[in-house]
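Written below as structure tokens is the structure these notes are about.
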Amino acid sequence: MLNRGLAYRCYCTAEELEEERRRAAREHRPPRYSGRCRELSADDVRRFEREGRRPAIRFRVPDRDVTIVDALRGEIRFRAIDQDDFIIRRSDETVSFLLAGALDDADMRVTHVLRGDDHLPNTPRQAMLLQALDRGLPAFAHLGLVLDADHRPLSKRDGAATLADLRDAAYLPDAVRAALAHLGWSPPRDTGGDVAALAFRFRLEAVSGSSCVWDAARLEHENARALRALTADALAALCRDRGWIPPALEEPWRRALAAVQPELKFLAEIPHLVAPLLPGDVNVENEAREHLSGADVATALRVFAEEMENGRGFSDAVKIVKTKSGLTGRRLFQTAARRADRPDERDRDGRIGENFGAAGDGAARRARINAFPARTSIR
RNA sequence: GUCCCCAUCGUCUAGUGGUUAGGACACCGGGCUUUCAAUCCGGAAACACGGGUUCAAUUCCCGUUGGGGACGCCA
């Protein structure tokens with residue numbers, strides 16, 4: 001490029017360039033390289049070399065406007081006057097991003113360059129380089145940047161700045177993919193969280209050119225959906241990978257997972273949800289205690305115990321308690337569950353753990369709910 | 001300061017020179033579940049502003065405002 005006059009050596013030091021920029025700012029001019037090394041005399045060069053300066057190499061920007069085509073925005077025109085001669089090789093002889101990136105893409109036969117629109121100003125420069133080197137241009141598409149709720153660039157604080165953050169938070173990969181697909185684009189019809197369907201419907205040209213706001217609620221929705229879509233084996237495998245399932249409790253765990261799966265939102269909440277369904281002691285949590293305070297509860301508990309002793313089924317006993325105590329809804333069931341804590345007072349519907357019914361028909365779920373409504377306190 | 005990009009419900013978006021401006025997430029209400037969740041039904045919710053062009057602008061043009069980005073021997 002030097003031989004062909006496409007580029008030239010620049011002997012300016014970092015300090016000199018910095019000073020140039022400062023002066024420009026003071027005089028309210030745009031900070032541009034002046035081009036002072038464009039036409040150095042042989043004497044100048046000798047002098048600089050004698051001073052021990054190592055030259056950088058700058059691209060001699062042609063004096064004509066550049067029009068690039070962006071797949072999302074159409075033609076964008078950049079004025080020649082706004083472009084200064086940029087460095088393509090540093091004084092330590094390493095090649096700059098602008099040249100290396102453009103050339104590497106060309107060598108790799110990259111057809112589409114998709115990047116954040118913070119790269120838009122680089123595009124005319126890379127286009128000029130490629131044209132000067134008689135290389136073809138790839139298609140460019142510059143996507144809007146993703147912002148947080150305050151319209152600031154996404155940061156660590158948002159907990160979603162990187163894929164690693166999302167993985168650490170145990171979001172399912174498909175949920176992340178689905179949520180990402182909804183940035184700057186949305187499917188013509190809801191795909192039910194099916195990532196393959198999203199991919200099938202996706203069109204680059206349909207992506208919005210504006211920046212968009214990261215929506216954690218969307219991710220949670222997709223995650224809950226993906227969790228529900230998991231097969232029993234897949235769900236169990238995830239739990240096993242996390243070391244949650246003791247070998248001895250494999251079967252109870254699987255039944256409990258089946259009961260709990262329809263309401264899952266996060267992987268991490270599984271141990272919490274499943275615990276009451278496994279054999280062992282049941283603790284009534286704080287919120288449950290609140291619901292259990294008061295005189296009518298005492299009555300209810302007594303009535304419930306009596307009915308159970310008389311051989312009533314759980315459901316029948318609950319109905320009678322309801323009539324006699326006036327309790328309804330949550331308080332009624334908290335009360336019933338209180339008694340159901342006692343293994344000897346559980347009946348077919350109310351029993352906990354290894355005995356409750358098969359999943360899928362709602363029986364297991366109902367059994368769990370009847371047995372442990374206190375889980376309403378978890379959320 | 002200079003240049004570039006962008007602008008429809010809270011969020012992601014669909015859409016058209018004449019529409020009841022559509023969907024999804026979130027939200028609110030109801031049904032079902034004797035609680036919760038899921039699900040079903042319903043509701044509230046938007047064309048940033050000002051000029052043009054036009055019989056007619058959310059839609060086309062210009063400007064303003066607002067948001068974002070870039071101005072390094074970083075990538």
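Here is the naming used below: chain letters follow the sequence lines, and residue numbers restart at 1 for every chain. None of the values given here were measured: they were computed from a predicted structure.
In this structure, A:Pro153 reaches the sugar-phosphate backbone alone: every heavy-atom distance under 4.0 Å involves primed, P, OP1 or OP2 atoms, never a base. Residue contacts for A:Trp214: at a heavy-atom cut-off of 4.0 Å it reaches no nucleic acid atom on any strand shown. Within 4.0 Å (heavy atoms only), A:Cys10 reaches no atom of the nucleic acid at all. Nucleic acid contact for A:Ile87: base, since at least one base atom lies under 4.0 Å from a heavy atom of the residue.
If you find the closest nucleotide of RNA chain B to A:His151 and to A:Pro188, the one lying nearer the 5' end belongs to A:Pro188.
Across all strands shown, B:G1 pairs with B:C71; the Watson-Crick or G-U wobble distances both stay below 3.5 Å. Pair assignment for B:A21 gives none, since no Watson-Crick or G-U wobble pairing has each distance under 3.5 Å.
For the P atoms, the distance linking B:A48 with B:G67 amounts to 16 Å, nearest Å. The gap from the P atom of B:G29 to that of B:A37 amounts to 12 Å, rounded to the nearest Å.
Rounded to a whole Å, the CG atom of A:Asp118 is 15 Å from the C1' atom of B:C3. Atom pair A:Asp150:CG and B:G67:P shows a separation of 13 Å (rounding to whole Å applied).
With centres under 5.5 Å and a plane angle under 30° as the test, the ring of A:His119 is not stacked against the base of B:G69.
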